[in-house]
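Notes follow once the structure below has been shown.
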Amino acid sequence: MHLAYPAVLAALLFCTGLYGVLARRNAILVLMSVELMLNAVNLNLVAFDVWLRDALHAGQALTLFTIAIAAAEIGIGLAIVLMVYRNRGTSDVDKLRDTAEGREPVPADTPHSPSEATA
């Protein structure tokens, strides 16, 4: 088998994942697109490992590490997305970005509510 077939497939998967990260607004779909990109990298690692006929199978070992990191990333990422959805009521990345960038820190000596200002 030629190396070009899995390399082209991995490039298509990576480009699809990159498009998903850049174009999607739902945080879960962004996480799924990141996973697609990691799977494209895994396909490249295994394909080049077979093509180079490495005795240590370093590409396959790195693929196992990548799968473990991806599992941890999706677990933590999904937990964060679920907590944000519970607190904010949406998983839209654009709305979450507005909440993070739009507010300035409030000094400690400033009253937080109008009732505290009159007291």
Side-chain angles (χ1 to χ4, degrees):
M1 183 169 78
H2 296 286
L3 181 62
Y5 298 135
V8 168
L9 179 63
L12 290 174
L13 283 175
F14 192 85
C15 289
T16 305
L18 186 64
Y19 172 74
V21 167
L22 296 176
R24 300 291 177 201
R25 292 189 175 146
N26 190 350
I28 294 176
L29 292 177
V30 170
L31 286 175
M32 288 174 59
S33 298
V34 169
E35 290 294 322
L36 194 61
M37 292 167 62
L38 287 172
N39 285 331
V41 170
N42 288 339
L43 181 61
N44 266 335
L45 284 171
V46 172
F48 277 99
D49 182 49
V50 169
W51 184 63
L52 293 174
R53 296 184 180 147
D54 187 16
L56 296 175
H57 298 292
Q60 294 178 16
L62 284 173
T63 300
L64 290 176
F65 285 120
T66 307
I67 290 171
I69 290 171
E73 175 258 334
I74 197 68
I76 293 171
L78 194 58
I80 291 171
V81 168
L82 287 175
M83 289 305 296
V84 167
Y85 181 76
R86 284 184 186 173
N87 289 334
R88 305 269 185 210
T90 184
S91 62
D92 188 6
V93 177
D94 290 334
K95 291 181 182 175
L96 298 177
R97 187 179 308 137
D98 291 341
T99 59
E101 294 174 356
R103 297 186 181 170
E104 296 180 7
V106 177
D109 58 343
T110 306
H112 295 291
S113 67
S115 62
E116 292 178 6
T118 58

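One is the number of the first residue; the rest follow in order along the sequence.
Scanning for side-chain contact (heavy atoms from CB on, under 4.5 Å) contacts around N39 gives N42, with sequence neighbours left out.
Heavy-atom minimum distance, S91 versus V81: CB-CG1, 4.3 Å. Here the shortest heavy-atom pairing between V30 and R24 reads CG2-O, 4.0 Å. Counting all heavy atoms, side chain and backbone alike, A10 lies closest to A40 at O-CB, 3.3 Å. Minimum heavy-atom separation, A70 to L38: CB-CD1, 3.7 Å.
Under the 4.5 Å side-chain heavy-atom criterion for Ile, Leu, Val, Met, Phe, Trp and Tyr, L3 and L52 are members of the same hydrophobic cluster. Hydrophobic clustering, with ILVMFWY side chains joined whenever heavy atoms are under 4.5 angstrom apart, groups L29 together with L31. Cluster membership check: I74 does not share its hydrophobic cluster with V41, using side-chain heavy-atom separations under 4.5 Å among Ile, Leu, Val, Met, Phe, Trp and Tyr. L22 and M37 fall within a single hydrophobic cluster, where Ile, Leu, Val, Met, Phe, Trp and Tyr side chains are chained together by heavy-atom contacts under 4.5 Å. No path of Ile, Leu, Val, Met, Phe, Trp and Tyr side chains, each step under 4.5 Å between heavy atoms, connects L56 with V50, placing them in separate hydrophobic clusters.
Taking OH of Y85 as the start and CG of N26 as the end, the distance is 9.5 Å to the nearest 0.5 Å. The OG1 atom of T63 sits 9.5 Å away from the CG atom of N44 when rounded to the nearest 0.5 Å. Put simply, CD1 on I28 and CG on L82 are 6.0 Å apart, with the number rounded to the nearest 0.5 Å. Atom CZ of residue F48 and atom CG of residue L43 lie 10.0 Å apart, to the nearest 0.5 angstrom. The line from CG of L64 to CD of Q60 is 8.0 Å long, rounded to the nearest 0.5 Å.
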